[in-house]
Amino acid sequence: MLKNDRLLRALRREPVDRTPVWLMRQAGRYLPEYRATRARAGSFLAMAKNPEIACEVTLQPLQRFPLDAAILFSDILTIPDAMGLELYFAEGEGPRFRHPVRDAEAIGRLAVPDMETELGYVMEAIRLIRRELDGRVPLIGFSGSPWTLACYMIEGGGSKDYARIKALALNDPALLHQLLGVVTDAVVAYLSAQRAAGAQALQVFDTWGGVLSPAMYREFSLPYLARIARELKRGEGAERTPMILFGKGNGAHVEALAATGTDAVGVDWTIDIGEAVQRTGGQVAIQGNLDPAVLYGSPEAIRREAGQVLDRYAQGNGGSREGHVFNLGHGMSPDMDPERVAALVEAVHALSAR
């Protein structure tokens, strides 16, 4: 039995006593306890692939802040790593793959990993976190979107211009669709396994969807997000495991995302959240969307900006605050001050109290 079910109720657009809040990258390098754990573990991957350490890191922000959800400590690139691309982290460069896929032969070799062997460490972490949470708050599981994962798989890491994957989209779209198809199969299986292991809500991160033109988004990102929403069995009623589709730069597509069958759409800070509510017409909950840079502001500035997000949501929703999950418009940065996070969480709960 959940002691705090605000998140799940908000995702179902049911009444809550105050707007729930959680933060993307709430478990991360801005916390001194995280940095200590990472130093002890030796690397990010050593933490992510050790269920006990992943559990410890997942719970760290909840020991500081009265957040309304935990999110699994992991990485969006676990699926391609399990497909044999061999994930590593280069100093100052971020995630990289030793074996990127750039031709038909490499793409043809890809297969959906076994979720309890190649990705069993993720499922064990979820089971352990659920036991340690003991119903305190819900646990969110997640995956990268097919388009975002494909970007990393083809580029070999992060990119400034996405030249390789956009060239493939232009020159051999059928081959890119083949890649996106197998990755989508893997994402559906991965999220299903997370749900079976105990994840109580699920988020898909379409981090790089915003680098696409509208036409390319409709061809190479949106249909695969819709497939996930359609094919992922999530249950019904109070037992339903809600799904959030979050995208950076997805403001132009909120109506289409709401029509996929997802339970919620997460938006970044470049769209007015009241506009997002109006354009989705009450079909879905809306998550977001404070600019993460606000956390560099004073506590007074943070309270003011958080209040504006809350109020803009309510104005777009006919005066009602229901159906809103407060979050940042993207993840937190390593140099942010934990005291500013505390100020934000307190402000959201105080200003949204019913």
Side-chain angles (χ1 to χ4, degrees), residues 2-11 16-38 47 53-74 125-126 128-142 199-201 203 205 244 246 264 266 269 287-310 313 321 324-354:
L2 272 172
K3 302 176 180 73
N4 174 351
D5 66 349
R6 283 186 198 119
L7 174 79
L8 302 185
R9 291 179 66 84
L11 290 171
V16 290
D17 63 333
R18 60 195 67 206
T19 299
V21 54
W22 69 276
L23 306 173
M24 289 180 277
R25 295 195 198 132
Q26 65 188 27
R29 287 177 288 172
Y30 75 101
L31 291 175
E33 53 268 41
Y34 173 97
R35 296 194 296 271
T37 302
R38 180 167 177 161
M47 291 193 295
I53 295 178
C55 175
E56 175 187 338
V57 173
T58 298
L59 299 178
Q60 284 174 347
L62 298 176
Q63 290 155 3
R64 275 185 178 259
F65 317 116
L67 293 155
D68 294 298
I71 182 167
L72 167 70
F73 176 75
S74 187
I126 289 172
L128 184 56
I129 294 162
R130 279 294 307 274
R131 287 198 297 271
E132 292 298 315
L133 280 172
D134 192 29
R136 180 176 170 186
V137 293
L139 173 63
I140 303 168
F142 69 90
Q200 293 151 293
Q203 176 157 306
F205 286 86
I244 307 157
F246 166 77
W269 67 95
Q287 178 177 280
N289 68 333
L290 187 73
D291 183 346
V294 170
L295 287 170
Y296 295 120
S298 67
E300 294 75 21
I302 290 168
R303 186 180 183 90
R304 181 185 69 243
E305 296 295 322
Q308 288 180 4
V309 170
L310 290 164
Y313 178 92
R321 297 195 188 279
H324 183 199
V325 173
F326 194 100
N327 207 318
L328 303 176
H330 196 240
M332 295 179 58
S333 297
D335 61 347
M336 287 174 170
D337 183 349
E339 292 302 316
R340 298 296 193 266
V341 176
L344 174 62
V345 175
E346 189 280 329
V348 172
H349 283 157
L351 295 172
S352 69
R354 313 290 196 260

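All residue numbers refer to positions in the sequence shown, counting from 1.
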With the side chain counted from C-beta on, respond yes when [X] and [Y] share a heavy-atom pair under 4.5 Å apart, and no when they do not.
| X | Y | result |
| --- | --- | --- |
| L328 | L295 | yes |
| D134 | K3 | yes |
| V137 | L67 | no |
| L7 | Q200 | no |
| E305 | Q308 | yes |

Could you tell me which non-hydrogen atom of [X] sits nearest to which non-hydrogen atom of [Y], and how far apart they are?
| X | Y | value |
| --- | --- | --- |
| I126 | A199 | CG2-N, 3.7 Å |
| P32 | P338 | CD-CG, 4.3 Å |
| W269 | P292 | CE3-CD, 3.6 Å |
| A201 | L11 | CB-CD1, 4.2 Å |
| A306 | V348 | CB-CG2, 4.3 Å |

If you count every heavy atom of other residues, nucleotides or ligands that lies below 6.0 Å from R29 atom CZ, does the total exceed 12?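 Not more than 12 within 6.0 Å, no.
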To the nearest 0.5 Å, tell me how far [X] [atom1] sits from [Y] [atom2].
| X | Y | atom1 | atom2 | value |
| --- | --- | --- | --- | --- |
| I140 | I129 | CD1 | CD1 | 11.5 Å |
| D17 | R9 | CG | CZ | 9.0 Å |
| D68 | N327 | CG | CG | 11.0 Å |
| I302 | D337 | CD1 | CG | 8.5 Å |
| L128 | L133 | CG | CG | 9.5 Å |

Take F73 and E56 through the side chain to side chain contact (heavy atoms under 4.5 Å, CB included) test and state the conclusion after the steps. CA-CA 9 Å; F73 176 75; E56 175 187 338; over 6 Å; no
Does the side-chain hydrogen bond (donor to acceptor under 3.5 Å, both in side chains) test come out yes or no for D335 and Y296, once each step is laid out? CA-CA 9 Å; D335 61 347; Y296 295 120; 2.5 Å; yes
Any donor-acceptor pair under 3.5 Å from [X] side chain to [Y] backbone:
| X | Y | value |
| --- | --- | --- |
| H324 | G288 | yes |
| R64 | L31 | no |
| Q26 | A69 | yes |

Candidates P61, P334, S333 - the one meeting side-chain contact (heavy atoms from CB on, under 4.5 Å) with Y30: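 When P61, P334, S333 are each tested with Y30, the side-chain contact (heavy atoms from CB on, under 4.5 Å) holds only for P61.
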Hey, mind stepping through F142 and I244 against side chain to side chain contact (heavy atoms under 4.5 Å, CB included) and telling me if it holds? CA-CA 9 Å; F142 69 90; I244 307 157; over 6 Å; no
For R321, side-chain hydrogen bond (donor to acceptor under 3.5 Å, both in side chains) partners two or more places apart: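 Here the qualifying residues are D311.
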Give the C-alpha distance, both sets of side-chain angles, the deciding distance and a yes or no for side-chain hydrogen bond (donor to acceptor under 3.5 Å, both in side chains) between T58 and E132. CA-CA 10 Å; T58 298; E132 292 298 315; over 6 Å; no
How far apart are the C-alpha atoms of L344 and V341, what are their side-chain angles, what is the distance that settles it, and do they pass the side chain to side chain contact (heavy atoms under 4.5 Å, CB included) test? CA-CA 5 Å; L344 174 62; V341 176; 5.6 Å; no
Whether F205 and F246 hold their rings parallel, tilted or perpendicular, with breakpoints at 30° and 60°: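 If you compare the ring of F205 with that of F246, the planes turn out perpendicular.
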Contacts table for residues 18-25: side-chain donor-acceptor under 3.5 angstrom, sequence neighbours left out:
| residue | atom | partner | partner atom | Å |
| --- | --- | --- | --- | --- |
| T19 | OG1 | R354 | NH1 | 3.4 |
| W22 | NE1 | Q287 | OE1 | 3.1 |
| R25 | NH1 | M332 | O | 2.9 |

